[in-house]
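Below is one structure, written out as structure tokens; the observations come after it.
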Amino acid sequence: MIGTFPLLHSDDREAVVGYDDRHLDFRIVVDVREGPADSQIIGMTTLVRRRNLFGRLYLAAVMPFHKAIVPTLLAGVNDRSRAPVIPPA
């Protein structure tokens, strides 16, 4: 589990979480792109398959929040990656 989402796939460069239900299936893919360690690019992709009208309505309701939350999450990752590493005592 990552947060509340089941981990479906993971390797050195990518993690996929998500689940399927009666209304929609979704996946979140987080990938680390090639590059120098001090300036790596982290990408996040959301994939959704709407199964019925309720799934379409739900997605329409959450999409504005999703568009605000994902950039904030990625900015938080960027901020933490710049924090100094304090070695254990």
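Residues V30 and I41 do not share a hydrophobic cluster, clusters being chains of Ile/Leu/Val/Met/Phe/Trp/Tyr side chains in contact below 4.5 Å. Hydrophobic cluster membership differs between V29 and F5, with clusters built from Ile, Leu, Val, Met, Phe, Trp and Tyr side chains linked at under 4.5 angstrom. With hydrophobic clusters built from ILVMFWY side chains whose heavy atoms lie under 4.5 angstrom apart, L47 does not share a cluster with I28.
L8 CG to R27 CZ: the interatomic distance, rounded to the nearest 0.5 Å, is 5.0 Å. Rounded to the nearest 0.5 angstrom, R50 CZ and F26 CZ are separated by 15.5 Å. Rounding to the nearest 0.5 Å gives a distance of 11.0 Å between CG of L24 and CG of L57. With values rounded to the nearest 0.5 angstrom, Y19 atom OH is found 7.0 Å from T4 atom OG1. Separation of atoms CG (D20) and CZ (R51) is listed at 6.0 Å; rounding is to 0.5 Å.
With sequence neighbours left out, the side-chain hydrogen bond (donor to acceptor under 3.5 Å, both in side chains) criterion links D12 to no other residue.
The list of side chain to side chain donor-acceptor pair (under 3.5 Å) pairs with a residue in residues 28-37, not counting sequence neighbours, reads R13-E34, D31-R33.
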